[in-house]
Amino acid sequence: MKLPVSPPNLGQIITSILAAWEGKSNRLDFLLGGSGLGPAPEGKYRHWDTFRHLTPPAGLTPEEAWWSVKMARRSLYQELPLLDKKGQPFRYCL
């Protein structure tokens, strides 16, 4: 059985976005809503293993597009009263 590829680290993605686009706040605004990506682009909730093979919107890397989708999903997260091994709550998004 093939294991899915783990998603990239969101902290590293935003660090590279900010470094590459220093002084260009409109880039961050674009990623946070202007890119047209929501929590489920094309009406499908995809894991990184599938998402990384899609063509991102013009001018975005797959990692930047993923970051944009993840930020859109965060506003919809619901927490469960269960904790993982690190003590963090489990979250889901419908």
Side-chain angles (χ1 to χ4, degrees):
M1 176 171 90
K2 180 185 168 231
L3 295 176
V5 174
S6 295
N9 180 287
L10 296 177
Q12 290 174 345
I13 295 172
I14 190 61
T15 299
S16 67
I17 290 169
L18 294 174
W21 298 94
E22 189 172 347
K24 298 178 183 175
S25 63
N26 60 339
R27 177 68 171 185
L28 197 53
D29 290 340
F30 178 74
L31 289 169
L32 288 171
S35 67
L37 294 171
E42 300 174 2
K44 296 182 180 178
Y45 191 99
R46 294 183 173 99
H47 183 273
W48 168 251
D49 194 46
T50 303
F51 185 88
R52 67 192 177 105
H53 296 291
L54 303 176
T55 302
L60 295 182
T61 67
E63 291 79 14
E64 289 172 332
W66 179 250
W67 185 86
S68 184
V69 168
K70 291 298 285 184
M71 292 303 106
R73 289 178 182 174
R74 281 189 174 195
S75 66
L76 302 173
Y77 280 167
Q78 300 291 318
E79 287 190 4
L80 295 174
L82 303 169
L83 302 178
D84 65 14
K85 292 190 292 186
K86 296 177 182 177
Q88 300 297 314
F90 282 98
R91 295 182 187 119
Y92 69 96
C93 176
L94 293 175

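- Counting heavy atoms from C-beta outward, R91 and P89 have side chains that approach closer than 4.5 Å.
- The shortest distance between side-chain heavy atoms of H47 and P7 falls below 4.5 Å.
- Of all non-hydrogen atoms in Y45 and P39, the two that sit nearest each other are CD1-O, 4.1 Å.
- Considering only heavy atoms from C-beta on, D49 comes within 4.5 Å of K2 through its side chain.
- How far CH2 of W67 is from OG1 of T61: 11.5 Å, rounded to the nearest 0.5 Å.
- Nearest approach of L10 to M71, heavy atoms of both residues: CD1-CE, 4.2 Å.
- Within the 4.5 Å cutoff, no side-chain heavy atoms of K70 are placed close to those of I13.
- Across all their heavy atoms, W66 and R73 have their closest contact at CH2-NH1, 3.8 Å.
- Remark: the backbone N or O of E64 is not paired with any side-chain donor or acceptor of S68 at under 3.5 angstrom.
- The two residues P62 and F51 make their nearest non-hydrogen contact at O-CE2, 3.8 Å.
- For the pair E63 and W48, the minimum side-chain heavy-atom distance is below 4.5 Å.
- Two different hydrophobic clusters hold V69 and L76 under the rule that ILVMFWY side chains link at heavy-atom gaps under 4.5 Å.
- F90 and L83 fall into different hydrophobic clusters, where Ile, Leu, Val, Met, Phe, Trp and Tyr are joined by side-chain heavy atoms under 4.5 Å apart, directly or via other members.
- Here CG of L37 is found 9.0 Å from CD of E42. Values are rounded to the nearest 0.5 Å.
- Residue R46 holds its CZ atom at 14.0 Å from CZ of R52, rounded to the nearest 0.5 Å.
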